[in-house]
Number of protein chains: 2
Amino acid sequence: MQSIVEIYFVIFTIYMRGKKRTTIYDIAEKLNITASSVSRALNNSSYVNEATKKLILKTAEELNYKRNTLASNLRKGQTKTIGVVVPRINQNFFSNVIAGIEEATYQKNYNLIICQSNESHEKEIKCVNTLINQHVDCIVISVSVDSNDYQHLQNVLDQGIQLIQFDRVADELETLKVINDNEQASFEAVCHMIEQGYKKIALLEGPQNLNIFRQRKEGYLNALKKYNMPIREEFIIANAWTKELGAEATRKLLSLTDLPDAIFASTSDFSALGVLEVANDLAIKVPSELGICGYSNEAFTEITSPSITTIDQFSVYMGKTVANLYFQEMENNDTVVIPKIISIKPKLMVRGSTLKNS
Amino acid sequence: MQSIVEIYFVIFTIYMRGKKRTTIYDIAEKLNITASSVSRALNNSSYVNEATKKLILKTAEELNYKRNTLASNLRKGQTKTIGVVVPRINQNFFSNVIAGIEEATYQKNYNLIICQSNESHEKEIKCVNTLINQHVDCIVISVSVDSNDYQHLQNVLDQGIQLIQFDRVADELETLKVINDNEQASFEAVCHMIEQGYKKIALLEGPQNLNIFRQRKEGYLNALKKYNMPIREEFIIANAWTKELGAEATRKLLSLTDLPDAIFASTSDFSALGVLEVANDLAIKVPSELGICGYSNEAFTEITSPSITTIDQFSVYMGKTVANLYFQEMENNDTVVIPKIISIKPKLMVRGSTLKNS
DNA sequence: TAAATTTCGACAATCGATTGCAATTTGAAA
DNA sequence: TTTCAAATTGCAATCGATTGTCGAAATTTA
C-alpha cells in the first residue's frame, strides 16, 4: 500500500515539474475576453461588469490562479518589499527587531527580505547591492562592526530607495534613523551604581567606531563627572564585547593592585555574564564586593544568581517603530523629505547584581 | 552651516525621487549598440567582443547601473529565492535555523524571504500564498502549532515549487524533510535519568498534533518500557510548553500524594526553567530530590543553578542541511524526485539538574 | 583570390501584469 | 425612434532583461 502511494507521488511530481502556471491570459482565453478585463477584475478595479467580475474570480479559483508578483511589480515599479540587513539574525536583539518589523509590515501586506552581514563590511555591501537589485522599496540596516565607509548606503539613496538606519547608525549620513538613547541609559545605569555606593566603577567598552559604544562610554563618563569621580584609564577596557572577552577583561581588572568595585559591561549582557562567572570562580561576592551591570536585557539576565542588572532596549518595539516610520514617510511623500531621527529611551532594569544597599 | 547641508540634502532627495534608474537600454544608447549586446556582456556570455565588453562594463559602472532583478527573473522564470516560514523568527531555535539557511544560501547567491506564522494556521496560509506569488524557487517551512490541514502545502507542490519541511513536519505530505530524531533523543534522556536512579519520572508534553511532541512522548514511553517501569497517567501533563505552564504543571505534580522524583520537560527548556523555579520556591533540592531535563539547549540552561540537562538540536546545522538539501535536489533534477528525509540525531547534554549520583 | 568558417552584434519575441486610450455596448432621456 | 452619456471591454504599449535566429563582417582555409 505504502509503495503505491509513493509511486503515485513520483509521477505526480514529474507531471507538475514542467507545467506552466495559469496566467491571466489563460483565464481570458477560457472566458473569451481580454487579459485587461481579467486584470481589472482581479484588482477589484471599477469598470468591470459585476457579473463578469464574479465569473472571472470563479474561473481564477478553478484554474488555481496565483498572481505573478514579479510581472506585477515590474510593471508597477514598486515591490512592496522591505530589505533588512543586520549583523546577525540569531542575535537576540536583532531577531526581536526583525520580529517587530515583520509584525508591522505584515499588516500592510509588505514582504521582508532578510540578510545578515556577519559583521563583515564586505558582505554588508553585497547584501545592500542585492537588495537594490531586487528593487526593494526600502532598506533597513544596522551596520556591521567593521564598517568604515558608507558609500554603499549613499548608493541606496542615489537609487531613490528609502533608507532607514537603526541602532548602529552612521551619524554622518542624513537618513531616517531609529536609535536608542544609549548615552542617557548608560548615564542612568552608572548613576544607579554610584548611588548604590560603588566608588570605583570599571567600563567594558565596545569598538569605538560604532556610535552606540561611543555613546555608552559618554554616558559612563558623564555619570562619573556628575559625581566628581575620577576617570581612571586602567578601569576602561577596550573591545570586551563577548562573554570570553568580558571574562578576560575581568581577570585583568581583578589583578590590579587597586581593584574596581563594580564593572559596567556596556557592550552586552554576554560580557556581563563573563564578568559574573569570573567573579564566581574567584569567590568574589556579587553584589557586595563587586557590582555588575550589563546591557540588552537578554532573557538569561533574570535567572543568573544573582540576577544581572541590565538595560532593556525594547527591541520588538524598535522594529515596529522602524517599519511604521517608513509607512508614515510613504504616506506624505508629496512634500519634502526631511531627515528624521526617532530616539527610544531604554529602561534600566535593576536586579540583584548591583543592589549593594539592600 | 548645518542648515545648508540639510537643504542640499533635501533638494538632492527630491531630485532622486523621480529619477529613473539606468537600464541596459541607456547603456546601449550611449554606446550606439543594442541592448542584447549589453545584456550578453553583463552576463559574461560568449559572443561579445572583448573590447566592447570592457567598454560596456565600464559604461555600466559610470552610469551606476544596477540590474533589475525583477525583469531578469520574470524572463528567466526563476528567482533564486527561497521562502522561509517559521512560527516565530525570534525564537532561538528558529533564528538559528534561519541563520544556518542564510549562510548556505548566501554562498550560492540565493535570497531569503522570511515570514513568521505566529503559530497561526491562518497566517501561515497567507505567508505561503505570498511566497507562491513571489515565485520563490523553494519554500522551507516548520508548521505552526494549530495547523490541522495541509492544503496550502499541497498547493505549493501543485505550483511546481520545491517544498522542504523541517522539525515540525506534516508526516502525511510526501516532501523533502529535515527532522530531528526526537524519539531517540527523548529515549536517551529518560534512560539517562533512570540510570541516575530516578524512579518516578513525569512528562510535560506538548500539543500532540505536532509530530515532534508525539515522538518525544513515544521516546519517553519506550524508555519506561525498556526498564519495566509503570506508565502513570497522572505523571503525564499535557500542554505544558511555556515557562508559566511548566511551573503550573509542576505545582500540580508536586501536590500529588505520590510525588514524581524527576520531570522531563519534553516541550522546551523554558518549561524546564518553570519547573526549576517552582522547585526552588518550594525548597525542593535539584537534583537530589527532583531531577529536571529540558529540551533545546537554550543558552540559559548552562547558567542556571544547577545547570539544566537538555538536548541540543544543532539548529544552525539543521538550517544548513535544509538549504543544501535543496541545492542537491536542484542539481540532479534530471531524474525522478523521490521524497527524502534527513534525520539529525540530537545530543543529550548532561548537566547538573539530573546528576543524582555524583 | 575564392570559399568556408567563425565571430559579432542586431532584430524581435518573450516573460505576465498593468493601464491609457479608443471602441463598443447599454440604457436612459428626448 | 433618435441622441447622448455612461458603463464596459478591447487594443496595444509598457516595465527591463534575456535569448533564438539571422545577416554581416572578420578570419581562416583551400
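Order of the sequence lines sets the chain letters (A, B, ...), proteins ahead of strands, with each chain counted from 1. Values reported hereafter were calculated over all heavy atoms of this structure, with side chains retained and with hydrogens, waters and symmetry mates removed. Quick caveat, the model's predicted, so the values are computed rather than measured.
- The nearest whole Å value for the distance from the CZ atom in R75(B) to the P atom in dA12(C) is 16 Å.
- At the phosphate of dG16(C), neither OP1 nor OP2 sits under 4.0 Å from any side-chain N or O atom of T23(A).
- Residue L42(B) contributes atom CG, which lies 13 Å from atom P of dT19(D) at whole-angstrom precision.
- Along DNA chain D, the nucleotide nearest to L70(B) and the one nearest to S36(B) differ in position, and the one closer to the 5' end is contacted by L70(B).
- When the C1' atom of dC15(C) is taken as reference, atom NE2 of H135(B) falls 10 Å away, rounded to whole Å.
- Take N73(A) and apply the side-chain hydrogen bond (donor to acceptor under 3.5 Å, both in side chains) test, not counting sequence neighbours, and it matches no residue.
- Residue-level contact check: T69(B) touches neither bases nor backbone, having no heavy atom under 4.0 Å from any strand.
- Rounding to whole angstrom units, CD of residue E29(A) and C1' of dG10(D) are separated by 16 Å.
- Residues L163(B) and L176(B) are not in side-chain contact: their nearest non-hydrogen atoms beyond the backbone lie 4.5 Å or more apart.
- Separating the CD atom of E50(A) from the P atom of dT8(D) is a distance of 9 Å, rounded to the nearest angstrom.
- Under the 4.0 Å criterion applied to side-chain N and carboxylate O atoms, K123(B) and E102(A) are assigned as salt-bridge partners.
- Put simply, N49(A) has no side-chain N or O that comes within less than 4.0 Å of OP1 or OP2 on dA7(D).
- When the side-chain nitrogen and oxygen atoms of S72(A) are compared with OP1 and OP2 of dT18(C), one or more of them lie within a distance under 4.0 Å.
- In the set dG10(D), dA17(C), dG9(C), the nucleotide with an atom closest to the side chain of T52(B) is dG9(C).
- When rounded to the nearest whole Å, the span between CD1 of I33(A) and P of dT25(C) equals 16 Å.
- Stacking of K108(B) on the aromatic ring of F327(B) is recorded, both the 6.0 Å distance cut-off and the 45° axial limit being met.
- Computed from coordinates, the I27(B) CD1 to dA17(D) C1' distance equals 11 Å when rounded to whole Å.
- The listed nucleotides are dT9(D), dG16(D), dC11(C); the one nearest the side chain of S37(A) is dT9(D).
- With dT19(C), dA17(D), dT18(C) as the choices, the nucleotide that has an atom nearest any side-chain atom of R40(A) turns out to be dT19(C).
- The side chain of Y65(B) has dA17(D) as its nearest neighbour among dA17(D), dT18(C), dG10(D).
- You'll find the side chain of I98(A) reaches within 4.5 Å of the side chain of I114(A), heavy atoms only.
- Each of E124(A), R168(A), E119(A), H121(A) was checked for a side-chain hydrogen bond (donor to acceptor under 3.5 Å, both in side chains) with S144(A), and the lone residue meeting it is E124(A).
- N73(B) comes within contact range of no nucleotide atom at all, as no heavy-atom separation falls under 4.0 Å.
- Going from atom CD of Q78(A) over to atom C1' of dT19(C) covers 15 Å, rounded to whole Å.
- Closest to the K76(A) side chain, of the nucleotides dT9(D), dT18(C), dA17(D), is dT18(C).
- Close to dT14(C), at under 4.0 Å from its OP1 or OP2, lies no side-chain N or O of Y25(A).
- Phosphate proximity of dT18(C) to R67(A): present, with a side-chain N or O under 4.0 Å from OP1 or OP2.
- Of the candidate nucleotides dT18(D), dG16(C), dT18(C), dG16(C) has the atom nearest to the side chain of L74(B).
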